K.L.:
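Let me give you the structure first, and then I'll get to my questions.
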Amino acid sequence: MNQLQSVLQDGLLGTGHIEHAAIVRRKDNSLRASSVGFLLDSEELSVLVKMFRDPAALRSEGFSLCCTGLDYECLRADKDSIYGMCEEMKQGVIITKTLTLVIIGTFTSEMHPSISIETVETFTDYFRDKGR
């Protein structure tokens, strides 16, 4: 297990507040770590990295993710964070950005959205503080 995989497991998945998660390197849209069964193809990795370019469009149009198979209403989109909620399934996604990484975390209807968001944002701050 590589270091990022261990950090992902301990810092996100091990909390019990995130169902699936992944870390993507922005420079080359490469998957650096992910939870078991959370499959992201190269096209989706590229889309995730580019989502931060037009937050206004995300807020008005929402977005879809192939890796979850869900359409999301965008609850927040700015230069650093995107929050989406699928009302039909009561599931959500948090996507955050650092200098070099994009971090994705999903949560289920049994999880508290505010705690899931705080978990991903705190995890992201760890990398921001390290200049990554």
Side-chain angles (χ1 to χ4, degrees):
M1 187 181 308
N2 70 40
Q3 184 180 11
L4 279 179
Q5 189 69 41
S6 295
V7 171
L8 181 79
Q9 181 62 43
D10 296 342
L12 282 182
L13 301 169
T15 67
H17 301 297
I18 299 297
E19 179 185 30
H20 295 292
I23 299 174
V24 179
R25 186 168 55 193
R26 292 176 55 198
K27 179 173 68 174
D28 59 2
N29 303 330
S30 64
L31 185 64
R32 308 310 295 163
S34 70
S35 55
V36 175
F38 195 53
L39 306 173
L40 299 130
D41 63 26
S42 59
E43 184 177 326
E44 186 151 39
L45 293 172
S46 178
V47 168
L48 285 166
V49 171
K50 292 176 183 174
M51 288 174 84
F52 290 93
R53 293 183 183 166
D54 192 0
L58 287 176
R59 286 191 297 269
S60 65
E61 299 169 14
F63 58 95
S64 298
L65 294 178
C66 295
C67 58
T68 63
L70 300 175
D71 295 324
Y72 296 93
E73 175 187 353
C74 185
L75 305 177
R76 173 184 175 166
D78 60 33
K79 65 180 181 63
D80 294 318
S81 302
I82 299 167
Y83 305 162
M85 189 72 180
C86 175
E87 289 299 327
E88 179 182 321
M89 301 298 289
K90 302 293 185 216
Q91 296 181 6
V93 63
I94 304 110
I95 307 166
T96 56
K97 179 180 78 164
T98 71
L99 185 63
T100 62
L101 303 170
V102 171
I103 298 160
I104 304 104
T106 67
F107 59 90
T108 66
S109 60
E110 293 83 32
M111 298 172 177
H112 298 282
S114 60
I115 296 173
S116 297
I117 289 168
E118 181 180 1
T119 300
V120 174
E121 290 287 0
T122 300
F123 184 78
T124 302
D125 286 342
Y126 167 81
F127 288 103
R128 287 182 182 136
D129 291 346
K130 293 197 169 293
R132 292 187 69 193

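Just so you know, these numbers come straight off a predicted model, no measurement behind them.
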K.L.:
Going by salt bridge (Lys or Arg N to Asp or Glu O under 4.0 Å), name the residues that satisfy it together with Asp80, two or more places apart in sequence or in a different chain.
P.N.:
none

K.L.:
Can you tell me which residue pairs pass the ring-ring contact (aromatic ring centres under 6.0 Å, His included) test with a partner in residues 93-125, sequence neighbours excluded?
P.N.:
Phe123-Phe127

K.L.:
Identify whether Leu101 and Leu48 are in the same connected component of the hydrophobic contact network (ILVMFWY, side-chain heavy atoms under 4.5 Å).
P.N.:
no

K.L.:
Please tell me whether Ile18 and Val7 are part of a single hydrophobic cluster in this structure, the criterion being side-chain heavy atoms less than 4.5 Å apart.
P.N.:
yes

K.L.:
Could you list the cluster mates of Ile115? Members are the ILVMFWY residues connected by side-chain heavy atoms closer than 4.5 Å, either directly or through other members.
P.N.:
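Grouped by the 4.5 Å side-chain rule, Ile115 forms a cluster of one, so the answer is none.
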
K.L.:
Which value, rounded to the nearest 0.5 Å, describes the distance between Leu8 atom CG and Ile23 atom CD1?
P.N.:
4.5 Å

K.L.:
Can you tell me which residue pairs pass the side chain to side chain donor-acceptor pair (under 3.5 Å) test with a partner in residues 55-70, sequence neighbours excluded?
P.N.:
Ser64-Asp71, Thr68-Tyr72

K.L.:
Looking only at heavy atoms, which two atoms of Thr119 and Gly11 are closest? And how far apart?
P.N.:
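Where Thr119 meets Gly11 most closely, the heavy atoms are CG2-O, 4.1 Å.
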
K.L.:
Let me check something: do Val24 and Ile82 share a hydrophobic cluster, defined by ILVMFWY side-chain heavy atoms less than 4.5 Å apart, either directly or through other members?
P.N.:
yes

K.L.:
Please list all pairs meeting ring-ring contact (aromatic ring centres under 6.0 Å, His included) that have one or both residues in residues 81-105, counting only residues at least two apart or in different chains.
P.N.:
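Non-adjacent pairs meeting ring-ring contact (aromatic ring centres under 6.0 Å, His included): zero.
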
K.L.:
Could you tell me which residues satisfy side-chain contact (heavy atoms from CB on, under 4.5 Å) with Thr100, sequence neighbours excluded, listed by chain and number?
P.N.:
Thr98, Arg132

K.L.:
Under the salt bridge (charged side-chain N to carboxylate O under 4.0 Å, His left out) rule, what pairs show up with a residue in residues 32-54, not counting sequence neighbours?
P.N.:
none

K.L.:
Identify whether Val93 and Ile117 are in the same connected component of the hydrophobic contact network (ILVMFWY, side-chain heavy atoms under 4.5 Å).
P.N.:
no

K.L.:
Output all residues satisfying side-chain contact (heavy atoms from CB on, under 4.5 Å) with Thr96, sequence neighbours left out; order by chain, then residue number.
P.N.:
Ser81, Ile94, Ile103, Val120, Glu121, Thr124, Arg128

K.L.:
Measuring from Ser46:OG to Asn29:CG, what's the distance to the nearest 0.5 Å?
P.N.:
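Taking OG in Ser46 and CG in Asn29, the distance rounds to 4.5 Å.
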
K.L.:
Applying ring pair (Phe, Tyr, Trp, His ring centres under 6.0 Å), can you list everything that pairs with His17, at least two apart in sequence or on another chain?
P.N.:
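For His17, no residue satisfies ring pair (Phe, Tyr, Trp, His ring centres under 6.0 Å) once neighbours in sequence are set aside.
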
K.L.:
Rounded to the nearest 0.5 Å, how far apart are CD1 of Ile95 and CG of Leu65?
P.N.:
5.5 Å

K.L.:
For Leu31 versus Leu40, what's the shortest heavy-atom pair and its separation?
P.N.:
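Heavy atoms of Leu31 and Leu40 come nearest at CD1-CD1, 3.9 Å.
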
K.L.:
Output a table of donor-acceptor pairs, distance under 3.5 Å, between side-chain atoms of residues 84-92 and any protein atom two or more places apart or on a different chain; print 'none' if there are none.
P.N.:
| from | atom 1 | to | atom 2 | distance (Å) |
| --- | --- | --- | --- | --- |
| Glu87 | OE1 | Lys90 | NZ | 3.2 |
| Lys90 | NZ | Glu87 | O | 3.4 |

K.L.:
Quick one: CG on Leu39 to OG on Ser34, what's the gap to the nearest 0.5 Å?
P.N.:
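Between atom CG of Leu39 and atom OG of Ser34 there are 7.5 Å.
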
K.L.:
Using every non-hydrogen atom in the two residues, find where Ser35 and Leu13 come nearest and quote the distance to one decimal.
P.N.:
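Distance-wise, the nearest heavy atoms are CB-CD1, 3.4 Å.
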
K.L.:
Would you give the length of the straight line joining atom CD of Gln5 to atom CG of Asp10, rounded to the nearest 0.5 angstrom?
P.N.:
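Answer for the CD-CG pair, Gln5 versus Asp10, is 10.0 Å.
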
K.L.:
Given the rule that I, L, V, M, F, W and Y join up when any side-chain heavy atoms are under 4.5 Å apart, are Leu70 and Phe38 in one cluster?
P.N.:
yes

K.L.:
Measuring only between side-chain heavy atoms, which start at C-beta, is Phe63 closer than 4.5 Å to Val47?
P.N.:
no

K.L.:
Could you list the residues that satisfy side-chain contact (heavy atoms from CB on, under 4.5 Å) with Thr108, not counting sequence neighbours?
P.N.:
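For Thr108, the residues satisfying side-chain contact (heavy atoms from CB on, under 4.5 Å) (neighbours in sequence not counted) are Glu19, Glu110, Met111.
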
K.L.:
What distance separates Arg26 CZ from Leu45 CG, expressed to the nearest 0.5 Å?
P.N.:
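Separation between the atoms: 14.0 Å.
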
K.L.:
Identify, with sequence neighbours excluded, every residue that meets side-chain contact (heavy atoms from CB on, under 4.5 Å) alongside Asp28.
P.N.:
Arg25, Ser30

